[in-house]
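Reading through the C-alpha cells given below for one structure.
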2 protein chains.
Amino acid sequence: MQNSVKNIFPNFSNELVSTIEENGSQQNFEAGTILMRTGQYIKNTVLILKGKIKIYREGEDGGEFLMYYLQPGQACAISMICTAKSEKSQIMAKVVEDVTVMMIPLQLMDKWMMEHRSWYEFVIETYRSRFEEVLEVVDNIAFRSMDERLEFYLKRHSDACGCSEVKLSHQEIATELNTSREVVSRLLKKMEQRGLVKLNRNQIELLNTNFTN
Amino acid sequence: MQNSVKNIFPNFSNELVSTIEENGSQQNFEAGTILMRTGQYIKNTVLILKGKIKIYREGEDGGEFLMYYLQPGQACAISMICTAKSEKSQIMAKVVEDVTVMMIPLQLMDKWMMEHRSWYEFVIETYRSRFEEVLEVVDNIAFRSMDERLEFYLKRHSDACGCSEVKLSHQEIATELNTSREVVSRLLKKMEQRGLVKLNRNQIELLNTNFTN
DNA sequence: AACCTACAGTAACATTTATCACAGAAGGAA
DNA sequence: TTCCTTCTGTGATAAATGTTACTGTAGGTT
C-alpha cells in the first residue's frame with residue numbers, strides 16, 4: 001500500500017499505526033479546498049499522506065502571507081497542540097496539490113502522548129521544527145528586503161520540489177509574499193539580468209542555486 | 001517564601017514542585033546578562049521566578065528583533081522542546097530586569113513529561129501560547145506599517161507592566177522594532193498630535209489605551 | 001483567422017521608511 | 001555654574017516598495 005500510514009510515517013510503532021488506522025478517518029481533498037480558516041475551531045489533527053497543504057496567515061484586508069507547506073509525513077503543528085479544549089485556529093490551511101490525509105480526533109492526542117512513545121516524539125519534533133521554521137520566516141521579513149526574500153522563496157520552492165523550475169505566476173508569488181505583482185516582476189527581471197534565473201511564462205528557472213546562502 | 005516554585009507555578013503538583021527543587025538549581029542574573037545566544041547549545045530549561053527576560057532574534061548585521069518577554073510563571077519554550085539531543089538555540093535571551101530562575105537539566109524533560117501530568121500540561125500550554133505569540137508577531141510585520149506596529153508595541157508594554165507609562169527611550173524602541181530612532185521619534189510625535197500619548201524624556205504615557213484594537 | 005484571457009513588462013508617480021545632518025533640551029557630574 | 005552625555009526633534013534627501021496605467025504577448029477557444 002503506497003500511501004499507508006506505515007510507509008509515510010516509518011517512525012511510528014506498529015501499535016500506533018494500528019491505533020491510527022482504527023481511530024482516524026482517511027480522506028481526500030482536491031487542490032483549492034480550504035481545510036481550515038482563521039477563527040474556526042479545530043476538531044482534528046491532520047496527518048498528510050499525499051499531496052501538499054499550504055499554511056498561511058490572513059490579514060484583515062484579505063492579504064495572504066505564507067508560513068510553510070505541509071507534505072507527506074508531516075502534520076499540522078497547530079492542530080496537534082490545541083489539546084482537549086479545542087482551540088480556535090490562528091491560521092489558514094489550503095490544499096495546493098490534491099491530498100490524502102488522516103484525520104484524528106483531538107481528544108486522542110493527550111492519551112496517545114502518554115501511551116505511544118513514537119507519537120510523543122513525533123509531536124515534539126513537529127512542534128520544534130515548525131517553531132524554527134516560523135522563526136526563520138520572522139527573520140526574513142524583519143531583516144531582509146524584498147529582493148532577498150524573493151530569492152529565498154524561490155530557493156525554498158526549488159528545494160521542496162527537487163527541481164530547478166518553479167512553476168508559478170508572478171501573481172502567485174506576490175500573493176504569498178504579500179506584495180504586488182509588479183514588484184515581483186521587476187525584481188525577477190533584475191535577477192534575470194544578474195544571470196540568476198531564466199524567465200518563462202508561468203515558470204522560473206533557477207540557474208544559480210547557491211545565491212544568497 | 002515569596003519566590004518559591006510553588007507560589008509562582010501554582011498549577012504544578014506537589015510532587016513536581018519537590019522534584020524541581022531537588023533537581024533544579026536556582027540562580028540569579030543581573031539585568032543585561034545574555035543567557036543564551038544564537039547558535040549556542042541548550043543544556044537547561046529555564047523557569048522564571050522573578051524578573052524579566054527578553055527573547056529576540058538577531059540579524060546577521062547585528063540588528064535585533066523582539067519576539068516576546070518571559071516573566072515569572074513562564075518558561076522558555078525554545079529550551080523546553082529541544083529534547084534530549086540538546087539542540088542549538090535559534091534565539092537570543094537577555095535579562096532586562098534582574099531575574100531569579102530555576103535551571104533544569106534538559107535530560108529530565110522527557111521523563112517528567114511522562115511522570116507529571118501538570119508538567120506535561122505546562123509544556124504544551126507554553127508551547128501553544130508562544131507559537132501564537134510568534135504568529136502575531138509575523139502578522140504585525142507582514143501586514144502592518146510601522147505606525148501600527150509601534151502602537152501595538154506600546155500597548156503590549158503597558159499591558160505587561162499594568163501601567164500606562166512606558167519607560168523606554170526612542171532608541172530602545174527602535175532597536176526592538178528593528179527600525180531607526182528618527183522614525184520612532186517622528187511617529188511618536190504624530191501620535192502625540194493625535195492625542196494618543198504624552199511624551200516625556202525616557203517615558204511615554206499612553207492616554208488612550210484602546211486605539212488600534 | 002479572429003478573439004479572449006491570463007500573464008508579463010515597464011514607465012511614472014505616491015508613499016513609506018531609512019539615512020544624514022544638525023540643533024536643542026534634560027539631567028548628571030565636576 | 002559649566003561641562004558632558006544622552007535623549008529628542010526635525011528638515012532634507014535617498015532608497016525601497018506600492019500603485020496606477022498602459023502595452024504587448026502567449027496560448028487557448030470559437
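Throughout, a chain's letter reflects where its sequence line sits, starting with A, and its residues are numbered from 1.
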(request) Applying ring pair (Phe, Tyr, Trp, His ring centres under 6.0 Å), name anything that partners His157(A), two or more places apart in sequence or on another chain. (result)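 Scan of His157(A) (ring pair (Phe, Tyr, Trp, His ring centres under 6.0 Å), adjacent residues dropped) gives Tyr69(A), Tyr153(A).
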Find the distance [X]:[atom1] to [N]:[atom2] and express it as a whole number of Å.
X: Asn200(A); N: dG27(D); atom1: CG; atom2: P; answer: 10 Å
X: Leu150(B); N: dT16(C); atom1: CG; atom2: C1'; answer: 15 Å
X: Gln203(A); N: dG27(D); atom1: CD; atom2: P; answer: 11 Å
X: Lys190(A); N: dA15(D); atom1: NZ; atom2: P; answer: 12 Å
X: Lys167(B); N: dC7(D); atom1: NZ; atom2: P; answer: 15 Å
X: Lys189(A); N: dA8(C); atom1: NZ; atom2: P; answer: 11 Å
X: Gln171(A); N: dT5(C); atom1: CD; atom2: P; answer: 18 Å
X: Glu172(B); N: dT6(D); atom1: CD; atom2: P; answer: 13 Å

(request) Verify the contact: side-chain N or O of His170(B) to OP1 or OP2 of dG9(D), cut-off strictly under 4.0 Å; return yes or no. (result)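 For His170(B), the contact criterion (side-chain N or O under 4.0 Å from OP1 or OP2 of dG9(D)) is met.
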(message) Does the protein touch nucleotides 18-26 of chain C at the base, only the backbone, or not at all? Give it as B, S and - per nucleotide, heavy atoms under 4.0 Å.
(response) BBBB----B
(message) Which is more 5' along DNA chain D, the nucleotide nearest Ser169(B) or the one nearest Asp147(A)? Just name the residue.
(response) Ser169(B)
(message) Students often mix this up, so state it plainly: with edges at 30° and 60°, are the rings of Phe9(A) and Phe12(A) parallel, tilted or perpendicular?
(response)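 It falls in the parallel class, under 30°.
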(request) Could you check if a side-chain atom of Arg130(A) sits within less than 4.5 angstrom of a side-chain atom of Tyr68(A), using non-hydrogen atoms only? (result) yes
(request) Any chance you could measure Arg128(A), atom CZ, to Gln90(B), atom CD, to the nearest 0.5 Å? (result)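 Arg128(A) atom CZ to Gln90(B) atom CD measures 8.0 Å (nearest 0.5 Å).
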(message) As an exercise, state the distance from CG of Leu47(B) to CG of Leu70(B), rounded to the nearest 0.5 Å.
(response) 10.5 Å
(request) Kindly check if the number of other-residue, nucleotide or ligand heavy atoms within 6.0 Å of NZ (Lys198(A)) is above 12? (result)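 No, the 6.0 Å shell around NZ holds no more than 12 heavy atoms from other groups.
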